Chemist: 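Please see the structure below; I have some questions.
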Protein chains: 2
Amino acid sequence: MSSTAGTRTGRRHRVRDEALAEILRTGRRLLVEEGPGAVTLRAIAREMGMTAPGLYRYYAGHRDLIQALTSSLYDELATALTDARDRHPAAEPGRQLREVCRELRHWALAHPNEFGLLFAKPVTDADTTPGTVAHDSGWRFGGVILELMVQLWRRGTIHPPTDLDPAWVRQLEEVREHLSGEPVPLEVIYVFVACWTRLYGTVAVEAFGHLDFALADPEPLFEHTLDDILTALGDTAR
Amino acid sequence: MSSTAGTRTGRRHRVRDEALAEILRTGRRLLVEEGPGAVTLRAIAREMGMTAPGLYRYYAGHRDLIQALTSSLYDELATALTDARDRHPAAEPGRQLREVCRELRHWALAHPNEFGLLFAKPVTDADTTPGTVAHDSGWRFGGVILELMVQLWRRGTIHPPTDLDPAWVRQLEEVREHLSGEPVPLEVIYVFVACWTRLYGTVAVEAFGHLDFALADPEPLFEHTLDDILTALGDTAR
DNA sequence: CCCCGAAAGTTAACGGTGTTAGCAATTGCT
DNA sequence: AGCAATTGCTAACACCGTTAACTTTCGGGG
């Protein structure tokens, strides 16, 4: 029970983790190639050359599997965003934020099914326990954007409203507690939520195909909106 | 074949229409009470005291039924918006638009499942023929907002960008053709799309529960955004 | 008025789904 | 070497959409 702590259940864990990963990989492939309705326990098992009940050794059920897939996608998106940010290491935060937002749109358009799984509905099938896995990975994603906004705020360019609704303050404080690192001003969190809402709308409406009726190429609208957002954040550079 | 045009197949049609309506009513109830995953052919038939194959006399399949339900919900939403507008008949268009936007949010929050069906859809079940029924009813809904923006534009308050992207112009012209009544300036359509995108983001992010992590009561944020939108539309009154 | 044919609704069946129970086999650790 | 945990299987149940073939109902034209 005590010795061999380093390799403790070493091989077991390794092969198990690989199985967990392969399940997610297969589910992801089905999601991409055949849409959200195709990511099914039986289909995943079939692809992997096993049977559906076997998957229950790895995930408690379909819901849990989807949730794990969701988490991994949040992580992938977060990585894509940080990569985009670090592709311009010397740039000022405004420019970096711009690139991050562009990367969000790019990722959404390149992976519409994945984006839909993350942001379309609370869940495809009506049920999510309110505060669970999505929290952690979701924050790792949102944190990338929030962090850049904090940097912008440090430069004194953001001028958030000073008259925050009292009801908000209590809630924003709760959000702040969830964040690691140095405390973030409440006003910045307010600005973050407002800007994120706007960014979400712009990207989602396009990725969900709700603009197909009007525009074949909504990029100009996106860039215009991006200008607007960054202007609101006090970023003058373009 | 020719005579009795007024009551032509009179009773038949009436009872059939009532059946069509009852199916939609039942599906709606299941959607509301048990979520989107519960609106099922068999469940609807069960609720109505019949069997699933019987429904095929009324709808070609599950997809068609959902599409019909979607259309009826678009109509209901459009009616709710026009009602909200007409509740302030003497108000200037800016005020009316404000009330319409508020009603949109109110409706979305009061009917989250319905809202999800209308606006989170293209994904969920992998299949929607791109340009079909949703067009008509969808426009009846969007037209309410567009119409008010046209009125605002007539007052000369909207100052849209004069340098429209050339690629846009062709597409916006197509949109304009879909609209009945007098021709709408392309710039107004541009502003409509931009504002609708923003409005959608604000309402959807809240209705889909993506703000639960941060705010219990996002109404102040919504009102702030609404102010912003209407200011952008040149409406000074509050 | 009656009868016919269209419309409505039924049962049976096929293939798909998530999920559970129980059993067999592999395999790492002591 | 043997124990026990882990893994995967088959069988089964309850759902789902959809089709085929049959029966019943009933409005309207002769």
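In this text, all values refer to a predicted model and were calculated from it rather than measured experimentally. So you know, we letter chains A, B, ... as the sequences are listed, proteins then strands, and number each from 1.
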Chemist: Quick test of your reading of the model: are A/Arg105 and A/Glu206 salt-bridged, counting only N-O distances below 4.0 Å?
Modeler: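 Between A/Glu206 and A/Arg105 there is a salt bridge, with a charged N closer than 4.0 Å to a carboxylate O.
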Chemist: Please tell me which of the listed nucleotides, D/dC16, C/dT17, C/dT19, lies nearest to the side chain of B/Thr40?
Modeler: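 Between D/dC16, C/dT17, C/dT19, the one nearest the side chain of B/Thr40 would be D/dC16.
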Chemist: Classify the nucleic acid contact of B/Thr51 as base, sugar-phosphate or nothing, counting any heavy atom under 4.0 Å across all strands shown.
Modeler: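 Base, at least one base atom sits under 4.0 Å.
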Chemist: Among C/dT17, D/dC16, C/dT19, which nucleotide has an atom closest to any side-chain atom of B/Ala43?
Modeler: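 The closest nucleotide is D/dC16.
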Chemist: Between B/Glu18 and B/Arg25, is there a salt bridge with N-O shorter than 4.0 Å?
Modeler: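 The answer is yes: the pair qualifies as a salt bridge.
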Chemist: Rounded off to whole Å, could you give me the NE2-to-P distance for the A/His13 and C/dT27 pair?
Modeler: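 After rounding, the gap between these two atoms is 18 Å.
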Chemist: Any Lys/Arg nitrogen of B/Arg29 or B/Glu34 sitting under 4.0 Å from an Asp/Glu carboxylate oxygen of the other?
Modeler: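 Result for this pair is no, no salt bridge flagged.
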Chemist: In whole angstrom, give the distance that lies between atom CE of B/Met48 and atom P of C/dT10.
Modeler: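 So the CE-P distance, B/Met48 to C/dT10, works out to 10 Å.
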Chemist: Could you tell me how far apart A/Arg14 (CZ) and C/dT27 (P) are, to the nearest whole angstrom?
Modeler: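 The answer, rounded to whole Å, is 15 Å.
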Chemist: Take B/Leu55 and A/Ala60, find for each the nucleotide of DNA chain C with the closest heavy atom, and name the residue whose nucleotide sits nearer the 5' end.
Modeler: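 Taking each residue's closest nucleotide, the earlier one in sequence belongs to B/Leu55.
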Chemist: For A/Thr79 and A/Arg140, test the side chains for any donor-to-acceptor distance below 3.5 angstrom and give the result as yes or no.
Modeler: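 The criterion, which ignores hydrogens and geometry beyond distance, is satisfied for A/Arg140 and A/Thr79.
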Chemist: Rounded off to whole Å, could you give me the CZ-to-P distance for the A/Arg57 and D/dT7 pair?
Modeler: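 Spelled out: CZ on A/Arg57 to P on D/dT7 is 8 Å.
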Chemist: Any base atoms under 4.0 Å from A/Tyr56, or only sugar-phosphate, or nothing? Heavy atoms, all strands.
Modeler: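 Answer is base: heavy atoms of A/Tyr56 come under 4.0 Å of a base.
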Chemist: Atom CD1 of A/Ile44 and atom P of D/dG8: how far apart are they, to the nearest Å?
Modeler: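 Computing the A/Ile44:CD1 to D/dG8:P distance gives 14 Å.
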Chemist: D/dG17 P sits how many Å from B/Leu41 CG, rounded?
Modeler: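 Rounded to the whole Å, the gap is 4 Å.
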Chemist: Among D/dT19, D/dC16, C/dT20, which nucleotide sits nearest the side chain of A/Pro53?
Modeler: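 Of D/dT19, D/dC16, C/dT20, C/dT20 is nearest to the side chain of A/Pro53.
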Chemist: Starting at atom OH of A/Tyr59, determine the distance to atom P of D/dG8, rounded to an integer number of angstrom.
Modeler: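 Nearest whole value for this atom pair: 13 Å.
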Chemist: Looking only at the side chain of A/Arg46 (C-beta and beyond, no hydrogens), which of the listed nucleotides C/dA8, C/dG16, C/dA13 gets closest?
Modeler: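 My answer, after comparing the listed nucleotides, is C/dG16.
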Chemist: Choosing from D/dT18, D/dC16, C/dT19, which nucleotide comes nearest the side chain of A/His62?
Modeler: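 Closest nucleotide among those given: C/dT19.
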Chemist: Carefully, step by step, assess A/Tyr58 and A/Glu22 under the rule side-chain contact (heavy atoms from CB on, under 4.5 Å).
Modeler: CA-CA 11 Å; A/Tyr58 300 93; A/Glu22 183 182 354; over 6 Å; no
Chemist: Within the pair A/Tyr58 and D/dG8, is there a side-chain N or O less than 4.0 Å away from OP1 or OP2?
Modeler: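 For A/Tyr58, the contact criterion (side-chain N or O under 4.0 Å from OP1 or OP2 of D/dG8) is met.
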Chemist: Given the structure, check if the side chain of A/Arg42 and the base of C/dG16 hold any donor-acceptor pair shorter than 3.5 Å.
Modeler: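 No pair found.
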Chemist: Measure from CG on B/Leu65 to C1' on D/dC16 and round the result to the nearest Å.
Modeler: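 About 14 Å, once rounded to whole Å.
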